[in-house]
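Both counts, for ligands and for their atoms, begin at 1 and track the order of listing. FYI, side chains are in, hydrogens and waters are out, and symmetry mates aren't considered; it's all heavy atoms of this structure.
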Amino acid sequence: MMTKSITAPSYYQATATPFAAQPRLSGEVSADVCVIGAGYTGLSAALELANAGYKVVVLEAETIGFGASGRNGGQVCTGFSSGQQKIEAQLGPADARHCFALAEESKQLLKERISSHAIDCDLTWGYLHVIPKARQFDGLKEWKAELDELGYTDTQLLTKPELAEKLSSRRYHGALREGGAGALHPLNYCLGLARAVLDAGGMIFEQSRVIETDTGSSPSARTAHGIVRARFMVIGGNAYLGRTVPKLYGKVMPVTSYIITTEPLGENRAKALIRDGEAVADTNFIVDYFRVTKDTRLLFGGRASYTTMEPSDLAASMRPQMTAVFPQLRDVRIDFAWGGYIAITNNRIPDCGRLSPTTYYAHGYSGQGVALAGIYGKLMAEAVRGTAERFDLLARVKHLPFPGGPIRMPLLASAMLYYRIKDALN
Ligand SMILES: Cc1cc2nc3c(=O)[nH]c(=O)nc-3n(C[C@H](O)[C@H](O)[C@H](O)COP(=O)(O)OP(=O)(O)OC[C@H]3O[C@@H](n4cnc5c(N)ncnc54)[C@H](O)[C@@H]3O)c2cc1C
């Protein structure tokens, strides 16, 4: 069972805003909308709908933010994990531009919600995409030109010496800096959204795993102790949904990513690593991502894996990756190490759609959902309210399913190996 193996306590849990436990679903509850999953996707939809006066019930298998939303790198990214070209190839240039505009709107939405609901989640702006090979600089130039052409001009190319002033690592040969991307405390952002849902009159049930759904004209979701009957259903279980809704199972694949956090380094040592406290990610397919937390720890993520079992000593297995970037941290203690499941799609473009006229889903942000999940949740809410144009634009993207059965994991393992080799050669 996927959710059992990745259980190490995270830095985020240790620094979470206190939040009262929500009740477990018991008996029969009726609602206008039943939402499955209290991560960014489900809570975003729930918030929009509760604000619009709908009676909303959110069912969460574990606790709010238990999934990727409470354990991710916290990086607020621009655009889509697939890159713009794959979307353009499918939808054409004009609609691909609209998709990019929606991705930009997702960052704006995140900013507005944090501000209007006074969510204390350490939001900062500034982001460095760093290149592990000198020859990749031309790729950064092309990327900047593409972003300029899309009207996103808050970017800057940094040569190796310019980058060296900002980032104390010899590993990288230049960067594309973005002013319009950044980072936050992901769990506290998620808890803030949940607080906003409750304030708007929505109900959230924790420890209420949905074990069976009816996605027909009168949708319902059954747990071990109760059932929610609703007019609409929104499914936001993402990588953690497993086989709960069989039709969604093959659409995404869970990939594990791991994160470690050092002991507090102190202001001076932290600044000596990343001068302006910006978020950093390399441009590899299997990405290393890192940043300094508010309390001056280095938070370092990477090492994707196809297995859902945690390495026996996660901190020790991640440390060499961190010290390859920052050898000067060889002596520091690792205080936290944890992992989580990223839902990827075959083409790295998120997947959304309807299972019936009453039931919507969105998932597969492919490692880039902190901002995007918010807009997908909002667009599902718009569709429930009867305005589906923007949702339908994103739902037009076609996806090849992953195979089920015994070849599923070996296939992903070979894909990972392929991308590791590709990253090494590029
Ligand atoms: C380690 C890691 C690092 C990442 N780093 C970044 C990053 O830096 N930037 C970025 O943009 N994205 C990142 N991501 C991806 C990002 O976290 C996700 O795209 C995003 O959180 C998805 O939100 P969600 O609400 O769709 O899914 P989730 O947050 O996974 O929420 C799904 C929820 O549904 C619940 N659920 C599942 N099945 C059931 C059921 N049967 N009944 C009831 N509830 C159920 C789960 O318990 C879970 O709480 C990362 C992900 C991971 C795992």
Side-chain angles (χ1 to χ4, degrees), residues 1-3 6 10 12 25 34-46 57-81 103 106-107 110 127 181-184 186-187 189-190 193-194 204-213 221-224 228 234-245 248 252 254-260 279-281 287-291 299-305 337-345 350-352 361-374 376-377 380:
M1 183 71 201
M2 271 192 329
T3 46
I6 306 289
S10 77
Y12 302 131
L25 179 73
C34 175
V35 175
I36 301 178
Y40 306 140
T41 302
L43 293 172
S44 173
V57 170
V58 181
L59 296 176
E60 166 54 50
E62 305 279 344
T63 51
I64 294 161
F66 173 85
S69 300
R71 52 181 73 237
N72 63 66
Q75 307 215 350
V76 180
C77 304
T78 299
F80 295 83
S81 175
S106 74
K107 293 188 291 181
L110 173 143
Y127 198 110
L184 47 59
L187 178 57
Y189 170 53
C190 191
L193 292 178
I204 303 176
F205 292 99
E206 293 181 311
Q207 308 298 343
S208 302
R209 177 177 299 281
V210 174
I211 49 178
E212 196 187 344
T213 54
R222 185 181 292 280
T223 70
V228 177
V234 167
I235 303 174
N238 216 334
Y240 288 76
L241 191 64
R243 294 177 188 269
T244 310
V245 183
L248 296 181
V252 292
V255 172
T256 312
S257 180
Y258 299 107
I259 301 181
I260 52 176
V280 187
V287 185
D288 279 349
Y289 49 95
F290 46 93
R291 61 191 172 88
L299 184 145
F300 189 98
R303 228 205 86 177
S305 152
W338 69 95
Y341 304 126
I342 294 175
I344 58 165
T345 60
D351 174 39
C352 66
Y361 71 89
H363 59 184
Y365 309 106
S366 304
Q368 208 163 306
V370 170
L372 282 178
Y376 277 78
M380 285 192 282

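For A281, the side-chain contact (heavy atoms from CB on, under 4.5 Å) partners are Q75, Y127, V287, Y289, not counting sequence neighbours. Residues meeting the ring pair (Phe, Tyr, Trp, His ring centres under 6.0 Å) test with F290, sequence neighbours left out: F300, F326.
For ligand 1, the polar-atom distance check against R209 finds no nitrogen or oxygen pair separated by under 3.5 Å. Below 3.5 Å of separation, one finds no N or O of I259 facing any N or O of ligand 1. Checked by distance only, ligand 1 and A371 stay at 3.5 Å or farther apart across all their nitrogen or oxygen atoms. Checked by distance only, ligand 1 and E60 come closer than 3.5 Å through their nitrogen or oxygen atoms. At a 3.5 angstrom cut-off on N or O pairs, Y289 does not count as close to ligand 1. By the 3.5 Å distance cut-off applied to N or O atoms, N72 is counted among the residues near ligand 1. Residue A373 has no nitrogen or oxygen atom sitting less than 3.5 Å from a nitrogen or oxygen atom of ligand 1, judged on distance alone. Where the criterion is an N or O separation shorter than 3.5 Å, residue side chain and backbone included, G367 meets it with respect to ligand 1. Close N/O approach between G369 and ligand 1 is found [any backbone or side-chain N/O within under 3.5 Å]. Looking at ligand 1, you'll find an N or O of T41 within less than 3.5 Å of one of its N or O atoms.
When heavy-atom distances to ligand 1 are checked against a 4.0 Å cut-off, Y258 has no atom that comes that close, whether in backbone or side chain. Residue-level proximity to ligand 1 for S208 is carried by the backbone, the only part with a heavy atom below 4.0 angstrom. Here Y240 has heavy atoms under 4.0 Å from ligand 1 in both its backbone and its side chain. Contact annotation for R71 and ligand 1: only backbone heavy atoms (N, CA, C, O) come within less than 4.0 Å of the ligand. Residue I36 touches ligand 1 through its side chain alone, judged by heavy-atom distances below 4.0 Å. Looking at T244 against ligand 1, only its side chain comes within 4.0 Å, counting heavy atoms.
Considering D351, L241, T41, I235 as possible partners of H363, the one that fulfils the side chain to side chain contact (heavy atoms under 4.5 Å, CB included) test is D351.
Atoms of ligand 1 found under 4.0 Å from any heavy atom of Y341, numbered from 1 in the order shown, are 53 (C). Residue G340 approaches ligand 1 through these ligand atoms, each under 4.0 Å from one of its heavy atoms: 53 (C). Below 4.0 Å from some heavy atom of G67 lie the following atoms of ligand 1, by number and element: 29 (O), 30 (O), 48 (C), 49 (O). Close contacts of ligand 1 with L241, meaning ligand atoms under 4.0 Å from a residue heavy atom, involve 37 (C), 38 (N). Listed by number with element, the atoms of ligand 1 under 4.0 angstrom from any heavy atom of Y40 are 20 (C), 21 (O), 25 (O). Of all atoms in ligand 1, listed by their number and element, those nearer than 4.0 Å to a heavy atom of V370 are 9 (N), 10 (C), 11 (O), 12 (N).
Nearest heavy atoms, E206 versus E62: CB-O, 3.4 Å. Pairing each heavy atom of S44 with each of G374, the nearest pair is OG-O, 2.6 Å. Summarising the geometry of K107 relative to C77, their closest heavy-atom pair is CD-O, 3.6 Å, with the distance given to 0.1 Å. Nearest heavy atoms, V370 versus Y189: O-CE2, 4.1 Å. Contact detail for I211 and A224: the closest heavy-atom pair is CD1-N, 3.9 Å. In terms of heavy-atom proximity, V58 sits nearest to G37 at CG1-O, 3.8 Å.
Stacking of R71 on the aromatic ring of Y258 is not recorded, the 6.0 Å distance cut-off and the 45° axial limit not both being met.
Nearest to atom 5 (N) of ligand 1 by heavy-atom distance, out of G237, G73, A281, is G73.
A distance-only check finds no donor-acceptor pair linking the side chain of S69 to the backbone of C190 [under 3.5 Å]. The closest donor-acceptor contact from the side chain of S208 to the backbone of L59 lies at 3.5 Å or more, if one exists at all.
Distances from ligand 1 to the non-hydrogen atoms of A239 include no value under 4.0 Å. Under the 4.0 angstrom criterion for non-hydrogen atoms, H363 is not in contact with ligand 1. Contact analysis puts G236 in contact with ligand 1, with a non-hydrogen atom separation below 4.0 angstrom.
The line from OH of Y240 to CD of E60 is 10.5 Å long, rounded to the nearest 0.5 Å. The line from CZ of R222 to OG1 of T213 is 11.0 Å long, rounded to the nearest 0.5 Å. Rounded to the nearest 0.5 Å, atoms OH (Y40) and CG (N238) are 11.5 Å apart.
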